[in-house]
Structure formats: structure tokens, C-alpha cells
Number of protein chains: 2
Amino acid sequence: MISQKAKYALRALVSLAKAGQGKTMVIGEISQQQAIPKKFLEQILLELKRAGFVTSLRGRSGGYCLLRAPEDIRFGEVLRLIDGPVAPLPCLSLIAYRKCDDCSNETNCEVRHVFMRVAMATRQVLDSTSVADALAGTGAEL
Amino acid sequence: MISQKAKYALRALVSLAKAGQGKTMVIGEISQQQAIPKKFLEQILLELKRAGFVTSLRGRSGGYCLLRAPEDIRFGEVLRLIDGPVAPLPCLSLIAYRKCDDCSNETNCEVRHVFMRVAMATRQVLDSTSVADALAGTGAEL
DNA sequence: GCTATACCCTAGCGTATTAGTAGAGATTAA
DNA sequence: TTAATCTCTACTAATACGCTAGGGTATAGC
């Protein structure tokens, strides 16, 4: 299960992409449109900003807008930012590899072999599907 | 990420399958072989027993052994038993569907569409790979 | 029978994570 | 000046995770 926060982040990006590139939305709009608690969304958008997905304008007629093109924002990137590794086991993570304490010889760990295939399958989807694909309902269709 | 407990459960089943069908192992053996805390493993084996994956003999020369054939124990089944739904979103779970609070029209939820594909990809692996496959290093190979 | 060795069962516990809330501050347009 | 906006830090209640503790119950072998 992905976290609620990651889901909110993706929805927020979808909202911004729908608005059109360069168009800004205020937090309140996104929050209402997507039924996301406003103060929580604030934090999420800040994280997305720090990571370079969106940018913001402060003050009276401020708001958020996409910084990167919707075609260039992959679901996998957002998930890794918000939830951390996508991998089902620490010993299979690209961004945060960690040896399993209870695994002596990793190369012939049966469990790892199976989840390696799970990891590849999910990455295949998450790292090839962009926000633009999601809007179009397409993207690396099987 | 799958839980440590689920990983232990799978490893325990792999150990029992390696021992051979009908062969019993005591908790201590499995615990040592797989570096699983013994008391924790007790609980896990008990759950696996209640779910019908293994059976046990009590008393002096007791132990656990597989009840179902290794070919018939899919990774997905074990994961669902120990960790709950395999799906990345509650609204995509087969065993515990729940509508997302923040989702008005599920059928055109962009996020859901993408994760539907993730769900199908992971199920494809988890529900087609058995403990026997894991031991053989094969099983629904791509 | 007795006892040692297994499995069976329930409860609890420390830590971390999740899903937010709260509230003050900084910036800018009108 | 002020009202609307983003920025930042801190806190919190609830839950889950990864165990540990300590009994209880059955059975084989002496």
C-alpha cells in the first residue's frame, strides 16, 4: 500500500497538470478539488517544491504551478520522494539498498529472487508512466 | 516493502519445502537455519498452521511440516495472510476493497488507473510463483 | 507415572510511522 | 495597510511493527 500522502501528492500533480502548464493554482483550490486536508497539502506541496516538481509564487496572487512538464514526471519519482523505496525488500532497493540481517548469501536467497521479479514488474510501470500518461489514460500499456 | 514477518513466513516455508514433504522440523531448527527469532517464529508458524499451509505434531518428537505441496503454495497467498492486501491502494484490493475517502468517481481516477496496472503486474508474479518455483529458481519467468 | 521436549496461546512493550493539526512567520498585490 | 498567500517548525493521537515474556498443554521415552 502506498501512503495517503503519496496519493495526495500524485493527485495534486494531476490537478496542476490539468490546469495547464504555467497555470497556477492556490492550495485551497487543489485541496478542495481533490478533498485533501489543506494544511497537510501545504506540507506536501513544499516537499514537491524542494524536489523541483513544482514552483510557487508567494503573496497575494500566489499559488503553485508545475515546474517540470507532465510528460517528465514519473509516478516512481514521486513515490520515492514521498514514501521512500519502491522495492519490496531493502536488499532490492535502488535508492536505499540495505542487506537483510537474516540473509547470509544474497545471491541464492529464494525469497529475494521472487521479489526481484516483483520489483522489476512494478518499476516497469511506475518508472514508465508519467503524469501526462495518467491524464491521457495511457502510458506503457500492456 | 513487505513486513519482516512475511519474509520470515516465506523463509520458513522454504525451509520446510527443502526438508522434503512429510519431513518435520522443530521450530528451533528453522529458527537457526533462517536466523529468525524463535518466539516470533512460533507465532508465525501458528498462523501458517491455522491457515492450513503447515501442520504440526506436539510433544517430545514433534515439529512442523508442510501440509500443502510446495507447488501449491503461492507467494501471494502467504503475503495476504500475513501482511494483508497486496494491492497498492485500498480501492484496488481483491480481499479487502475499500473506497478511497477522497475519490469521488473511481472509474476515472487517474491515480487508480496507474496503480491498477501496478497491481496487475505484481499479482502476475506473486500469484503465479509457488514455493516450489522459488526453490527451483523458476516460475512464470519473463 | 514422571519428566523433558516439543507446540499452543495471550499479553505486553518500545519504537517508528502515519496522518494529520496548530500556530506563527514571511511575502506580495491591491 | 491589509488581506491573501506561501513557508516553516513543532506537536500529537492512533496505529503498526517486531519482537519478548511467560505461561499452558500434549506426548515420547524412561
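Proteins get letters first, then strands, A, B, ... in listed order; numbering begins at 1 in each.
Environment of CE in A:M1: crowded, with over 12 heavy atoms of neighbouring residues, nucleotides or ligands closer than 6.0 Å.
The interatomic distance linking A:L46 (CG) with D:dT9 (P) rounds to 10 Å, in whole Å. Remark: C1' of D:dC6 and CG of A:L48 are 14 Å apart, rounded to the nearest angstrom. For B:K5 and D:dC19, the NZ to C1' distance is 10 Å, given to the nearest whole Å. With rounding to whole Å, A:E42 atom CD is found 14 Å from D:dT9 atom P. Rounded to an integer number of Å, the gap from CZ of B:F40 to P of D:dG22 is 19 Å. Protein atom CG of A:L45 is 8 Å distant from nucleotide atom P of D:dC6, rounded to whole Å. Atom pair A:L41:CG and D:dC8:P shows a separation of 16 Å (rounding to whole Å applied). As rounded to whole Å, 11 Å separates atom P of D:dT20 from atom CD1 of B:I44.
For the segment residues 51-65 of chain B, residues with any heavy atom less than 4.0 angstrom from an atom of DNA chain D are, sorted by number, B:R58, B:G59, B:R60, B:S61. Against DNA chain D, the stretch residues 72-93 of chain A makes no heavy-atom approach under 4.0 Å.
Counting only residues at least two apart or on different chains, the side-chain hydrogen bond (donor to acceptor under 3.5 Å, both in side chains) pairs with a member in residues 66-90 of chain B are B:S3-B:D83, B:R68-B:D72, B:R68-B:E77, B:R80-B:D127.
Taking the nucleotide of DNA chain C with the nearest heavy atom to each of A:K39 and A:S3, the more 5' of the two is matched to A:S3. In terms of position on DNA chain D, the residue among A:K49 and A:Q43 whose nearest nucleotide sits closer to the 5' end is A:K49.
For B:Y8, no side-chain nitrogen or oxygen approaches OP1 or OP2 of D:dG18 to under 4.0 Å.
Running 5' to 3' along DNA chain C, contacts with non-hydrogen atoms of chain B at under 4.0 Å begin and end at C:dT5 to C:dA11.
Side-chain contact between B:V114 and A:L10 is absent, with no heavy-atom pair separated by less than 4.5 Å. Contact annotation: the side chain of A:Y64 never approaches that of A:T24 to less than 4.5 Å [non-hydrogen atoms, C-beta and beyond]. You'll find the side chain of B:K7 stays beyond 4.5 Å of the side chain of A:F115, heavy atoms only.
In this structure, the separation between CZ on B:R117 and CG on A:L126 is 9.0 Å, given to the nearest 0.5 Å.
Listed by chain and residue number, B:A19 satisfy the side-chain contact (heavy atoms from CB on, under 4.5 Å) test with B:K23 (two or more places apart in sequence, or in another chain). By the ring pair (Phe, Tyr, Trp, His ring centres under 6.0 Å) test, A:Y97 pairs with no residue at all, sequence neighbours left out.
Looking only at distances, a side-chain donor or acceptor of B:S31 sits under 3.5 Å from a matching main-chain atom of B:I36. Panel note: side chain A:H113, backbone A:T107; a donor-acceptor pair is recorded below 3.5 Å.
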For this session: Begin from the C-alpha positions of B:E110 and A:R11 and carry the test salt bridge (charged side-chain N to carboxylate O under 4.0 Å, His left out) through to its verdict.
Result: CA-CA 8 Å; B:E110 297 87 1; A:R11 274 155 126 71; over 6 Å; no
For this session: Could you please spell out the steps behind the salt bridge (charged side-chain N to carboxylate O under 4.0 Å, His left out) verdict for B:K99 and B:E106?
Result: CA-CA 8 Å; B:K99 183 181 175 310; B:E106 200 168 82; over 6 Å; no
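As judged by a 4.0 angstrom heavy-atom cut-off over every strand, B:I27 is placed among residues touching the sugar-phosphate backbone only.
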